[in-house]
Amino acid sequence: MPDTAMPSQSLPALPTGLLDALSGILGTRGVVTDLRDLEPHLSDWRGLYRGASPALIRPATTAELSACMRLLNAADVPVVPQGGNTSMVGGAMPDESGRQVIVSLSRMNRIRDLDPVDMTMVTEAGVILKTAQDAAAAAGCLFPLSLGAEGTATIGGVLATNAGGNTTVRYGNARDLMLGLEVVLPDGSVIEGLRRLRKDNTGYALRHLFVGAEGTLGFITAAVLRLFPRARSEATALCAVADEDAALALFRRFRDRDESAIRAFEYMSGQGMGFVLRHIEGAALPLAEPAEHYVLIDLASSRPDADLRGLLEAVLEGALEAGEVLDAALAESEAQRAALWRLREEHPEAQKREGASVKNDVSVPVSKVPELIRRSSEALRELIPGSRPVPFGHMGDGNIHMNLEQPEGMAPTDFLARSHEIMEAVNDVVRDLGGSFSAEHGVGRLKPDMLAAWRGGAELATMQAIKRALDPKGLMNPGKVLPA
Ligand code: FAD
Ligand code: 2HG
Ligand code: ZN
């Protein structure tokens, strides 16, 4: 559970000569030991953890990382991979022991290749997600993974967490966008799997082991990513809908009419939208009046003549007549489209500004989303009177952020002390609906106990056997994902 231990003030010694040996491989630029420079790497975006570390190393090539890992592994030094440090579950945090070396691949930030015929892009792990999107766009293609942290999160990080985001409903998770991987194992050996093949049934698909492993099995150093045709037609709308069932009914209307046109289908509650309007500068609701439930619909097609505006209007007209949609604003320009998306993407920041919150990144079958929202909200309000449920997220793929904001006036520490109960209240509903306690953010340092409870028996035993086989000394991102 969240903790707030302070970092050790004096730098704990690594084995004698190790820092010099690492500097010998990386140069002085590649080894950071100054506390001021380490500082941003010792706490996480949510402010749940504060760790300590003797050093952060920054290899510039796969060979350098491999050489460093040979040394560190031989010296029994635990390591923590860190990308953009946007993890929502403390996955990239060192613990408080002051023994864990942070490894950042931020200098491995080259796009090695982009091929618009194969529709592939080979990027190093330190490439920022937005940079990868922009490179694809510059070549007339699309790299579709899209999430609020895309200006900071890295390709290594999004693959290591199997990130989802806004476009999963159409393009799948990060895993589905990956064809090949280059990986440095804990002992320094390198899996050279940068194949760009659509078909490759040659033994175990090792690349998939490292996607979603959250840095517990090895380092992802580079990846072959899939590209897609860029959008040539787009249409976006924000709708006020009658209730959760109406939101689902609207999704089905679009799916029945043209599933291939749906790029994103996001749900937001009146509560969350209220926080955005209160805390985010320039945010404005383009509807006549506030509602209890909203949906953001984003349609896209690579066909220049796809009449998405017509599709949007036709479906919304039917839904208005049926009383499912109460009001709608259709983007008339790129600026309006961006403004609508901003109302959705600022939800995490607005919630943070409102006060303390507990996140529940859960998924259920799409048909159960309305029930999930209703039952969890009720359970949470009952658990902590005055608390404010803030469900929002990727309704089209069944992943709702079933978050809870503290009651107004309650001390944040008193509220956060109940994090475990809050998460379990939601998990009880999720379990009943056949869902998962972590849809896209992963397990990290926050939820290994849940993994034990939800994935026990042969499933957990197999995960532990894989961990032992690849990392027998338990030095790769210790304390993350698997229960102690
Ligand atoms: P980090 O946070 O640095 O690390 C994440 C994990 O990956 C850690 O366990 C780390 O050890 C490991 N890791 C990092 N790099 C490597 C590597 N090269 N090799 C092996 N392991 C590595 N997530 C979603 O899925 N969908 C969203 O919509 C979404 N929205 C977000 C919005 C905001 C505002 C924020 C702050 C976060 C959001 N996230 C979302 C969570 C987060 O952005 C993702 O988990 C992202 O994939 C993490 O990338 P990163 O580079 O920051 O990785
Ligand atoms: C999103 O969808 C992210 O915006 C963050 O996954 C969700 O803040 C959250 O709980
Ligand atoms: Zn999300």
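Ligands are counted one by one from 1 in listed order, and the atoms in each one are counted from 1 as well. By convention here, the first residue in the shown sequence is residue 1. Since this is a predicted model, take the numbers as computed values, not measurements.
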Any side-chain heavy-atom pair of [X] and [Y] under 4.5 Å:
| X | Y | value |
| --- | --- | --- |
| Ile111 | Val122 | no |
| Leu340 | Leu296 | yes |
| Glu378 | Arg375 | no |
| Ile57 | Ile25 | no |

Quick one: nearest non-hydrogen protein atom to [atom], plus distance?
| atom | result |
| --- | --- |
| atom 19 (N) of ligand 1 | Ile220 N, 2.9 Å |
| atom 29 (C) of ligand 1 | Leu147 CB, 3.8 Å |
| atom 11 (O) of ligand 1 | Pro81 O, 2.6 Å |
| atom 48 (C) of ligand 1 | Thr86 OG1, 3.3 Å |

Test of understanding: given a 4.0 Å heavy-atom threshold, classify the contact between [X] and ligand 1 as side chain, backbone, both, or neither.
| X | answer |
| --- | --- |
| Glu349 | neither |
| Ala125 | side chain |
| Leu105 | side chain |
| Asn477 | side chain |

Lys130 bridged to Glu150 by N-O distance under 4.0 Å: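 Here Lys130 does not pair with Glu150 in a salt bridge, since their nearest N and O are not under 4.0 Å apart.
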Taking the basic N atoms (NZ, or NE/NH1/NH2) and the acidic carboxylate oxygens, is any pair closer than 4.0 Å for Glu214 and Lys480?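 No.
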For ligand 1, which atoms, with element, lie under 4.0 Å from some heavy atom of [X]?
| X | value |
| --- | --- |
| Val158 | 47 (O), 49 (O) |
| Gly215 | 20 (C), 21 (N) |
| Ser87 | 2 (O) |
| Gly218 | 20 (C) |
| His394 | 28 (O) |
| Ala163 | 25 (O), 47 (O) |

So that I know where these two stand, are Tyr171 and Phe228 an aromatic pair - ring centroids less than 6.0 Å apart?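 Under 6.0 Å, so yes.
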Proximity of His401 and His347 rings by center, below 6.0 Å: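 When the ring centroids of His401 and His347 are compared, they turn out to be at least 6.0 Å apart.
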Give the atom name of whichever N/O/S atom in Glu440 sits closest to the Zn ion (ligand 3).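 Result for Glu440 and the Zn ion (ligand 3): OE2.
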Option passing side chain to side chain contact (heavy atoms under 4.5 Å, CB included) with Met121 (candidates Val224, Leu179, Ile155, Leu225):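 Exactly one pass, corresponding to Leu225.
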Pair Glu354, Arg388 - check salt bridge (Lys or Arg N to Asp or Glu O under 4.0 Å), show working. CA-CA 11 Å; Glu354 177 70 16; Arg388 294 163 291 168; 2.7 Å; yes
Using distance alone, determine whether [X] and ligand 1 share an N or O pair under 3.5 Å.
| X | result |
| --- | --- |
| Glu214 | yes |
| Gly91 | yes |
| Trp45 | no |
| Asn85 | yes |
| Met88 | no |
| Phe219 | no |

Other residues, nucleotides and ligands only: do more than 12 of their heavy atoms fall within 6.0 Å of [atom1] on [X]?
| X | atom1 | result |
| --- | --- | --- |
| Glu349 | CD | yes |
| Glu292 | CD | no |
| Lys368 | NZ | no |
| Lys467 | NZ | yes |

Look at the N, O or S atoms of His441, main chain and side chain alike, and state whether any lies under 2.8 Å from the Zn ion (ligand 3).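 So His441 does not count as coordinating the Zn ion (ligand 3).
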Would Asp361 count as a contact for the Zn ion (ligand 3), in the sense that one of its N, O or S atoms lies under 2.8 Å from it?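 So Asp361 does not bind the Zn ion (ligand 3) by this criterion.
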Can you name the nearest heavy-atom pair linking Val362 to Asn399, along with the distance?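 Val362 and Asn399 have their closest heavy atoms at O-ND2, 3.1 Å.
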Return the minimal non-hydrogen interatomic distance between Ala452 and Pro483, and the atom names on each side.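 In terms of heavy atoms, the two residues are closest at CB-CG, 3.7 Å.
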Verdict with reasoning, Glu371 to Arg374, per salt bridge (Lys or Arg N to Asp or Glu O under 4.0 Å): CA-CA 5 Å; Glu371 196 178 341; Arg374 268 196 300 270; over 6 Å; no
Going by the closest heavy atom to [atom], which one wins out of [options]?
| atom | options | answer |
| --- | --- | --- |
| atom 31 (C) of ligand 1 | Ala160, Ala149, Ala153, Gly212 | Ala149 |
| atom 6 (C) of ligand 1 | Thr161, Val211, Asp44 | Thr161 |
| atom 51 (O) of ligand 1 | Asn162, Thr216, Thr154 | Thr154 |
| atom 27 (C) of ligand 1 | Lys480, Glu440, Gln351 | Glu440 |

Distance under 4.0 Å, heavy atoms only, partner ligand 2: which residues pass?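 Only Met88, Arg344, Pro348, Lys359, Phe392, His394, His401, Asn403, Glu440, His441 have heavy atoms that fall under 4.0 Å of ligand 2, ordered by chain and number.
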Rounded to 10 degrees, the angle NE2 of His394 makes with NE2 of His401 at the Zn ion (ligand 3):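 Rounding to the nearest 10 degrees gives 100°.
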Give the intermediate values and the outcome of side chain to side chain contact (heavy atoms under 4.5 Å, CB included) for residues Phe143 and Asp134. CA-CA 8 Å; Phe143 180 59; Asp134 290 347; over 6 Å; no
Lys447 NZ/CZ over Trp454 ring centroid, <6.0 Å and within 45° of normal: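 Not satisfied by the 6.0 Å and 45° rule.
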